[in-house]
Amino acid sequence: MEAEKQREWGPKAWAHLSSVRNQSPLIQCITNFVSMDLTANTLLSAGASPAMLHSPNETPDFTPQVHALYINVGTLSDNWLPAMKLAAEIASKFKKPWVLDPVATGASGFRLQACLDLISLKPTVIRGNASEIIALANASVGFTKGVDSSHDSTDAVEAAKSLANSSGAVVAVSGAVDFVTDGNRVVGARNGVPMMQKITATGCAVTALIAAFVAIDPLQALEATASALAVFGVAGEIGMEMARGPASLRMHLIDSLHGLDQTTVISRVKITTS
């Protein structure tokens with residue numbers, strides 16, 4: 001039975017990627033300065049259309065037109081937080097899916113409260129590393145290594161389920177295995193290579209990719225999220241076959257994502273039901 005479920009995921013992931021390529025969903029990205037370039041290029045290489053727009057003066061006109069919204073608090077500031085909240089409010093009002101990346105949420109009280117306030121605006125998906133998800137589930141500031149996780153993803157599965165149940169969002173925990181849960185079901189995406197952690201903003205980029213996948217399948221956010229994580233991981237695996245280090249992996253990762261074909265995705269995607 002488990003083997004049959006595993007075989008179902010490859011075609012599902014390919015269907016999501018194909019739909020993104022065919023529909024080219026418009027994704028509004030309010031993201032951090034470090035990640036903007038890789039985030040935009042990841043979306044473009046997958047077939048989506050990124051819009052790096054964060055002015056609150058434009059948001060009321062623009063956000064209702066997008067297919068999904070992506071918010072990342074990596075370089076959070078007082079000036080940007082109102083724009084994030086406004087965009088999330090408008091996305092929710094117009095029933096547009098939106099995805100939150102709560103970068104280093106446990107690093108400060110300001111950052112934690114900002115993320116909790118954003119979660120109250122009902123994101124469709126929350127994607128973070130294990131330490132970030134644990135901090136959100138406990139609503140507490142704790143020891144943090146900046147944007148790096150101090151925990152393995154397996155340590156955060158129960159916290160992710162709790163956060164999913166309290167927020168109504170699908171919650172994804174990145175790590176050696178990427179876990180995705182809606183509070184009941186838990187699936188694990190097992191693609192990727194360790195070297196991807198040596199490239200800044202790969203986590204930000206995959207969260208944007210999740211937004212693109214959810215944009216074309218908002219009623220199956222868990223499946224779309226797991227598919228995005230696995231597809232990005234497969235691109236990393238293929239990129240690593242040609243890379244000599246983090247810098248060349250970054251280039252080959254983008255190229256590989258752009259060049260993924262049906263046979264490769266179906267044969268290489270590794271998603272299991274926990």
**Item:** Ile271 CD1 to Arg7 CZ distance, which is reported to the nearest 0.5 Å
**Value:** 15.0 Å
**Item:** Considering all heavy atoms, the nearest Leu38-Ala205 contact
**Value:** CG-CB, 4.0 Å
**Asked** Roughly how far, to the nearest 0.5 Å, is CD1 of Ile71 from OG1 of Thr31?
**Response** 10.0 Å
**Request:** Considering non-hydrogen atoms only, spot the tightest contact between Ile216 and Ser19 and give its length.
**Result:** CD1-CB, 3.7 Å
**Request:** Quick one: pull up CZ in Arg111 and SG in Cys115 and give me the separation to the nearest 0.5 Å.
**Result:** 7.0 Å
**Fill in**
Residues joined to Phe62 in its hydrophobic cluster, side chain to side chain under 4.5 Å directly or through other members, sorted by chain and number, are Leu26, Leu53, Val66
**Message:** Contact between Val265 and Val234 at the side-chain level, heavy atoms closer than 4.5 Å - yes or no?
**Reply:** no
**Item:** His54: ring-ring contact (aromatic ring centres under 6.0 Å, His included) partners, not counting sequence neighbours
**Value:** Trp80
**Message:** I want to check something: taking the side chain as every heavy atom from C-beta on, are Phe110 and Leu76 in contact at a cut-off of under 4.5 Å?
**Reply:** yes
**Request:** Heavy atoms only: give me the nearest Thr181-Asn184 pair and the separation to one decimal.
**Result:** OG1-N, 3.9 Å
**Request:** Ignoring hydrogens and angles, tell me if any N or O in the side chain of Ser267 forms a donor-acceptor pair with the backbone of Thr264 under 3.5 Å.
**Result:** yes
**Fill in**
Taken to the nearest 0.5 Å, the spacing of Thr225 OG1 from Ile210 CD1 works out to 5.0 Å
**Message:** Test your reading of the model: is there a side-chain donor-acceptor pair from Asn191 to the backbone of Lys270, 3.5 Å cut-off?
**Reply:** yes
**Request:** May I ask whether Ile133 and Leu116 are part of the same hydrophobic cluster, defined by side-chain heavy atoms of I, L, V, M, F, W, Y residues being less than 4.5 angstrom apart, directly or through others?
**Result:** yes
**Prompt:** Would a hydrophobic clustering, with Ile, Leu, Val, Met, Phe, Trp and Tyr connected at side-chain separations under 4.5 Å, put Phe213 with Leu219?
**Reply:** no
**Message:** Between Leu136 and Val171, is the side chain to side chain contact (heavy atoms under 4.5 Å, CB included) condition met? List the steps.
**Reply:** CA-CA 11 Å; Leu136 285 178; Val171 176; over 6 Å; no
**Message:** For Arg185, is there an ion pair with Glu223 - N to carboxylate O distance below 4.0 angstrom?
**Reply:** yes
**Prompt:** Are side-chain heavy atoms of Thr202 and Gln197 found at a separation under 4.5 Å?
**Reply:** no
**Asp217: partners by salt bridge (Lys or Arg N to Asp or Glu O under 4.0 Å), with sequence neighbours left out** = none
**Request:** Give a yes or no on whether Met36 and Ile30 share a hydrophobic cluster (residues Ile, Leu, Val, Met, Phe, Trp, Tyr; joining criterion: side-chain heavy atoms under 4.5 Å apart).
**Result:** yes
**Message:** Among residues at least two apart in sequence or on other chains, which ones pass salt bridge (Lys or Arg N to Asp or Glu O under 4.0 Å) with Arg268?
**Reply:** Glu237, Glu241
**Fill in**
Taken in chain and number order and not counting sequence neighbours, the residues that satisfy side chain to side chain contact (heavy atoms under 4.5 Å, CB included) with Ala208 are Thr39, Leu43, Tyr70
**Message:** For Ala135, is there any backbone N or O sitting under 3.5 Å from a side-chain donor or acceptor partner on Asn138?
**Reply:** no
**Asked** What pairs with Glu58 under salt bridge (Lys or Arg N to Asp or Glu O under 4.0 Å), at least two apart in sequence or on another chain?
**Response** none
**Message:** For Gln28 and Thr59: C-alpha separation, side-chain torsions, deciding distance, then whether side chain to side chain contact (heavy atoms under 4.5 Å, CB included) applies.
**Reply:** CA-CA 10 Å; Gln28 181 181 356; Thr59 294; 4.1 Å; yes
**Prompt:** Closest heavy-atom contact between Val206 and Ala228?
**Reply:** CG2-O, 4.1 Å
**Prompt:** Mind checking whether Lys96 and Thr63 have side chains closer than 4.5 Å, heavy atoms only?
**Reply:** no
**Request:** Please list, chain by chain and in numerical order, all residues satisfying side-chain hydrogen bond (donor to acceptor under 3.5 Å, both in side chains) with Thr207, sequence neighbours excluded.
**Result:** Asp101, Arg127
**Item:** Pairwise distance OG(Ser55) to CG(Asn79) - rounded to 0.5 angstrom
**Value:** 11.0 Å
**Message:** For Leu100 versus Pro123, what's the shortest heavy-atom pair and its separation?
**Reply:** CB-CB, 4.3 Å
**Message:** Hydrophobic clusters here meaning ILVMFWY residues chained together by side-chain heavy-atom distances under 4.5 Å, can you tell me if Ile266 and Ile238 are in one?
**Reply:** yes
**Least distance between heavy atoms, Ala212 atom then Pro25 atom** = O-CG, 3.9 Å
Show me, pair by pair, the donor-acceptor contacts under 3.5 angstrom made by side chains of residues 81-94, not counting sequence neighbours?
from  : atom 1 : to     : atom 2 : distance (Å)
Lys85 : NZ     : Asp117 : OD2    : 3.3
Ser92 : OG     : Ala88  : O      : 3.1
Ser92 : OG     : Leu121 : O      : 2.8

**Request:** Treat each ILVMFWY residue as a node, draw an edge where side-chain heavy atoms are under 4.5 Å apart, and state whether Ile27 and Ile254 are in one component.
**Result:** no
Please output the side-chain donor-acceptor pairs of residues 44-51 that fall under 3.5 Å, not counting sequence neighbours, one pair per line with the distance.
from  : atom 1 : to    : atom 2 : distance (Å)
Ser45 : OG     : Asn41 : O      : 3.0
Ser45 : OG     : Thr42 : O      : 2.9

**Message:** Counting C-beta onward and ignoring hydrogens, is there a side-chain heavy-atom pair between Ser227 and Trp9 closer than 4.5 Å?
**Reply:** yes
**Complete:** CG of Leu260 to CG of Leu17, rounded to nearest 0.5 Å, is 6.0 Å
**Message:** Holding to salt bridge (Lys or Arg N to Asp or Glu O under 4.0 Å), I want the full list of residues that pass it with Lys12, two or more places apart in sequence or in another chain.
**Reply:** none
Output a table of donor-acceptor pairs, distance under 3.5 Å, between side-chain atoms of residues 242-253 and any protein atom two or more places apart or on a different chain; print 'none' if there are none.
from   : atom 1 : to     : atom 2 : distance (Å)
Ser248 : OG     : Arg244 : N      : 2.7
Ser248 : OG     : Gly245 : N      : 3.2
Ser248 : OG     : Gly245 : O      : 3.3
Arg250 : NH2    : Asp37  : OD2    : 2.6

**Message:** Test of understanding: with side-chain hydrogen bond (donor to acceptor under 3.5 Å, both in side chains), list the residues that count as partners of Asn57, not counting sequence neighbours.
**Reply:** none
